[in-house]
Amino acid sequence: MSTLLLKQVSFHYQGGFALQDIDLSLPEKSFLALIGPNGSGKTTLLQLMSGLLQAKSGQVRLQDRPLNTLTRRELARQIAVIASDQYFAFPFPVVEIVAMGRFPYLGRLQKLTDSDRQIVEESLQRTEIGHLRDRPISQLSSGERQRVLLARAIAQSPAILILDEPNTHLDIHHQIEVFRLLQHLNQEHSMTVVVVLHDLTAASTFCRTVALLSEGKLVKTGTPQEVITTETIRSVYRADIEVHPSPMGGFPQISYR
Ligand code: ADP
Ligand code: MG
């Protein structure tokens, strides 16, 4: 059974951009990198997958139910989304932002239980932000904020975790830590992970499946070796690059000319 299934999904904005006939099946425990040039429709596709946008035709199904039949609360327990560059106008303390991940599990006016608080603490530790717990979110660096959002998503304990360019603001230590954490959630907690990445080498190193979008169409889906090839990347990105196997593990990696 697929965790998430997109069947012939199409969508268009008023301005004209269209996503066309997207077929994508995410079996349980999938770890998918969504790649493609700027403006190819990656963020739009993530929004269709997470119910933020409604397909104009075709269907999105979550564990065999049409996504649009789930209540907001049900949806929030199943899918967590980390948008790129989320902005916070209010100076909430970090620990309270992370605690918001538990809201879909609470009744009206119900307070966090001890077990909710424990999940929040674990999420802070796993993302290495325990020392930031009382700092206002509005005063953090982009990289720190990114880890707070990841902690909140972990506290939400969803079946599917969707991330839009999560490593953009992270230094190399925290990039690796985030990917390790995503792999841990994927393997040990059976969480399906979908992540938009610009770093193709990271995509091929850490993700089992890669889907390549170009001008609103999924042009290729498969293993990193199948999708990230010199010919495909050169033509879709119009970039003078060379793909060769990494000396560590043989995953495709990119060299610039
Ligand atoms: P990506 O994430 O791959 O860079 P997006 O999905 O954000 O691409 O955008 C795909 C295309 O849709 C772009 O041309 C963008 O300008 C357009 N677009 C995005 N959001 C909107 C919107 N709300 N209204 C109209 N056009 C949009
Ligand atoms: Mg985008």
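Hydrogens, waters and symmetry mates play no part in the numbers below; they use all other heavy atoms, side chains included. Owing to the predicted nature of the structure, the values given are computational and were not obtained by experimental measurement. As the structure lists them, so they are numbered: ligands from 1, and atoms in each ligand from 1.
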What atoms in ligand 1 come closer than 4.0 Å to a heavy atom of Thr44?
5 (P), 6 (O), 9 (O)

How about Arg208: does its CZ atom have over 12 heavy atoms from other parts shown lying under 6.0 Å from it?
yes

Checking the N or O distance criterion of under 3.5 Å, is ligand 1 in contact with Gly41?
yes

Based purely on interatomic distance, does Ser40 place a nitrogen or oxygen under 3.5 Å from a nitrogen or oxygen of ligand 1?
yes

Worked check of side chain to side chain contact (heavy atoms under 4.5 Å, CB included) between Lys7 and Asp23:
CA-CA 5 Å; Lys7 258 171 86 176; Asp23 278 309; 4.3 Å; yes

Is there a side-chain contact between Leu112 and Val120 in this structure, where contact means two heavy atoms from C-beta onward sitting under 4.5 Å apart?
yes

Is at least one protein non-hydrogen atom found at under 4.0 angstrom from atom 23 (N) of ligand 1?
yes

Carefully, step by step, assess Leu213 and Ile22 under the rule side chain to side chain contact (heavy atoms under 4.5 Å, CB included).
CA-CA 10 Å; Leu213 265 179; Ile22 305 289; 4.1 Å; yes

The criterion is ring pair (Phe, Tyr, Trp, His ring centres under 6.0 Å); which residues satisfy it with Phe11, sequence neighbours excluded?
Tyr13

Do other residues, nucleotides or ligands put more than 12 heavy atoms under 6.0 Å from the CG atom of Asp114?
no

In the protein, what heavy atom is nearest to atom 18 (N) of ligand 1, and what distance, to one decimal place, separates them?
Tyr13 CE1, 3.4 Å

Has Gly39 got any heavy atom lying under 4.0 angstrom from an atom of ligand 1?
yes

Ignoring water, what protein N, O or S atoms are under 2.8 Å from the Mg ion (ligand 2)?
Thr43 OG1

Is a donor from one side chain sitting under 3.5 angstrom from an acceptor on the other, for Lys220 and Thr232?
yes

Is a side-chain donor-acceptor pair under 3.5 Å present for His169 with Arg145?
no

The one among Ile35, Leu46, Thr43, Leu45 that brings a heavy atom closest to atom 7 (O) of ligand 1:
Thr43

Against ligand 1, does Pro37 come closer than 4.0 Å with any heavy atom?
yes

Counting N and O atoms only, with roles assigned by atom type, does the side chain of Lys42 sit under 3.5 Å from a partner on the main chain of Leu197, one being a donor and the other an acceptor?
no

Decide if atom CZ of Arg257 counts as having more than 12 heavy atoms of other residues, nucleotides or ligands within a radius under 6.0 Å.
yes

Just wondering, more than 12 heavy atoms not from Glu215 lying within 6.0 Å of its CD?
no

In ligand 1, which numbered atoms sit nearer than 4.0 Å to a non-hydrogen atom of Asn38?
4 (O)

Sub-4.0 Å protein heavy atom near atom 15 (C) of ligand 1
no

For atom 11 (C) of ligand 1, which protein heavy atom lies nearest, and how many Å away is it?
Phe17 CG, 3.3 Å

